[in-house]
Amino acid sequence: MNETDEIKINVVIAERNFRLTIKKADEDKVIKAAEMLNERVKSYKQTYNYRDYQDLLSMISLQIATLNVKYENDAAYKDQFLEQKLDEISVLLSENIDS
């Protein structure tokens, strides 16, 4: 990463400040992610009546990790399906070119 491409930002997650060095192009994504986490912390805090941020962040981490696993599985299935369809198209093309 080029030094001119890096910026330092402060984000607050669960009332804790974090100073990060990130790519300038990622700034909006990092800020949006921090906002999303804070919204979930607020929601979980109200819903589950927890006061301990470590518990809340652990629950949110599990939820996000579960979604990540689901999306990885979905992507693998779609890749396999796409590969199968491309193989079928390849066979059809080969048959018609040889004719």
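Model, not experiment: these values are computed from the prediction.
- A salt bridge does not link Lys78 with Asp74: every distance from a Lys NZ or Arg NE/NH1/NH2 to an Asp or Glu carboxylate oxygen is 4.0 Å or more.
- To the nearest 0.5 angstrom, Ile9 atom CD1 is 9.0 Å from Arg19 atom CZ.
- A salt bridge links Glu27 to Lys24: one of the charged nitrogens lies within less than 4.0 Å of a carboxylate oxygen.
- Considering only residues two or more places apart in sequence or on other chains, Tyr53 meets the ring pair (Phe, Tyr, Trp, His ring centres under 6.0 Å) condition with none of them.
- One finds the CG atom of Asn10 at 8.0 Å from the CG atom of Leu20 (value rounded to the nearest 0.5 Å).
- Contact of the Ile64 side chain with the Leu37 side chain is registered, since non-hydrogen atoms from C-beta on lie closer than 4.5 Å.
- Heavy-atom contacts from other residues, nucleotides or ligands closer than 6.0 Å to CZ of Arg16 number 12 or fewer.
- In this structure, Thr66 contributes its side chain and Leu62 its backbone to a donor-acceptor pair below 3.5 Å.
- The distance from the CD1 atom of Ile13 to the CD1 atom of Ile60 is 10.0 Å, given to the nearest 0.5 Å.
- Criterion: ILVMFWY side-chain heavy atoms under 4.5 Å apart, direct or through other members. Under it, Val12 and Phe18 are not part of a common hydrophobic cluster.
- In this structure, the side chain of Ser90 does not engage the main chain of Leu86 through any donor-acceptor pair within 3.5 Å.
- Here OH of Tyr50 is found 5.5 Å from CE of Met59. Values are rounded to the nearest 0.5 Å.
- A distance of 12.0 Å separates CG in Asp5 from CD1 in Ile22, rounded to the nearest 0.5 Å.
- A side-chain donor-acceptor contact under 3.5 Å links Asn38 to the backbone of Ala14.
- Annotation: Gln84, atom CD; neighbour count of heavy atoms from other residues, nucleotides and ligands within 6.0 Å is above 12.
- The side-chain heavy atoms of Lys45 and Arg51, taken from C-beta on, include a pair separated by under 4.5 Å.
- The two residues Lys29 and Ala25 make their nearest non-hydrogen contact at NZ-O, 3.9 Å.
- Salt-bridge check for Lys85 with Glu88: passed, with a basic side-chain N closer than 4.0 Å to an acidic carboxylate O.
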* Carefully, step by step, assess Arg40 and Met36 under the rule side chain to side chain contact (heavy atoms under 4.5 Å, CB included). => CA-CA 6 Å; Arg40 286 195 185 181; Met36 180 194 75; 4.2 Å; yes
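- Ring geometry for Phe81 against Tyr77 counts as parallel: the plane angle stays under 30°, on a 0 to 90° scale with 60° as the upper cut.
- Looking at Leu56 and Val41, their side chains come closer than 4.5 Å, going by heavy atoms from C-beta outward.
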